[in-house]
Amino acid sequence: MNNKSNETKYNEQIQREKMDPAEGMRPLPWIFTMLLGAMAMWGGFYIVITPSGVHTEYGDQRTVSLLRPAVEGAVPSSTSVNGKQIFIGKCSACHQATGLGLPGVFPPLAGSEWVKGDPVSLTNILLHGIEGELKVNEVTYKGAMPGWSSLSDGEIAAVTSYIRSDWGNNEPVIDEGLVKRQRDMTKARSAPYKNAEEIKSGT
Ligand code: HEC
């Protein structure tokens, strides 16, 4: 023993040492492995039994047309012009979606004698616009509205018919023929109407 070299003694000492602890690989608990397997099988089974290519009963079933009633009005129609749509797009910025306008600035269309009154005057207002004083529901407005002659006869008929039928207004529709006739009758006019008399004169 004594004749062992120092080096050998040292090596023996090292071999007696315990290994440094280290993290080993531990297998997943079997129950967990089975659970994963079961989930994968259920997923495959679900994909196989779920019908594809047919109308699905799952998820949000609202269609595009159901999501758009506010813009398209009560009667969705692809062919005829929709007056409410034109109103929202061209008029509601000033006259407001409520048809009440803005006090002192934009006159109301709800309950307005111009909207509910003579279809010819209303059509004239739309075709040529107004400038100067105009009395609406006992209040005098001093604004200006450009004419809407760039809208087609059908579009003017649709939007005037719409404003005559919402917010408590309940007047007969204005037809396209009347708009066409007024456009011809007032061909010579190039400036907006200046007052109520001019509008009523119909030229
Ligand atoms: C830029 C703002 C503006 C827009 C947009 C506008 N208007 Fe007007 N409208 C006015 C103003 C201002 C008057 C009043 C003019 C005056 O005081 O002489 C008026 C007056 C009227 C009148 C007669 C007065 C009344 O209240 O009944 C009608 C009808 C009317 N507008 C309908 C329409 C329609 C329909 C549209 C959309 C096609 C439209 N307006 C878009 C500003 C606007």
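Inter-residue side-chain proximity for Y162 and I86 is flagged as unmet; no heavy-atom pair is nearer than 4.5 Å. In this structure, the side chains of E131 and K194 come closer than 4.5 Å at one or more pairs of heavy atoms. For the pair L134/N195, no side-chain contact is recorded, criterion being any heavy-atom separation below 4.5 Å from C-beta on. With contacts defined as side-chain heavy-atom distances shorter than 4.5 Å, the pair D118/K200 does not qualify.
Between the side chain of S121 and the backbone N or O of G117, no donor-acceptor pair lies under 3.5 Å. Judged by distance alone, with hydrogens and angles left aside, the side-chain atoms of E133 form no donor-acceptor pair with the main-chain N or O of T140 at under 3.5 Å. Checking side-chain atoms of R183 against main-chain N and O of L127 turns up no donor-acceptor pair under 3.5 Å.
The structure places CE of M185 at 11.5 Å from OG1 of T123, a figure rounded to the nearest 0.5 Å.
The ring of W148 has its center no closer than 6.0 angstrom to the ring center of F87.
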Could you check R189 against E198 for side-chain contact (heavy atoms from CB on, under 4.5 Å), going step by step and ending with a plain yes or no?
-> CA-CA 11 Å; R189 172 167 285 277; E198 274 192 27; 3.2 Å; yes
CA sep, side-chain torsions, deciding dist, call: S149, H128, side chain to side chain donor-acceptor pair (under 3.5 Å) = CA-CA 7 Å; S149 56; H128 302 289; over 6 Å; no
Expected list for residues 173-180: side-chain donor-acceptor pairs under 3.5 angstrom, two or more places apart:
unit_1: D175; atom_1: OD1; unit_2: G177; atom_2: N; d: 3.2
unit_1: D175; atom_1: OD1; unit_2: L178; atom_2: N; d: 3.0

Mind listing the side-chain donor-acceptor pairs of residues 88-108 below 3.5 Å, one per line with the distance, residues two or more places apart or on another chain?
unit_1: S92; atom_1: OG; unit_2: I88; atom_2: O; d: 2.9
unit_1: H95; atom_1: ND1; unit_2: P107; atom_2: O; d: 2.8
unit_1: Q96; atom_1: NE2; unit_2: A93; atom_2: O; d: 3.3
unit_1: Q96; atom_1: NE2; unit_2: C94; atom_2: O; d: 3.3
unit_1: T98; atom_1: OG1; unit_2: L100; atom_2: N; d: 3.3

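Here I14 is tied into one hydrophobic group with Y10, each link being a pair of ILVMFWY side chains closer than 4.5 Å.
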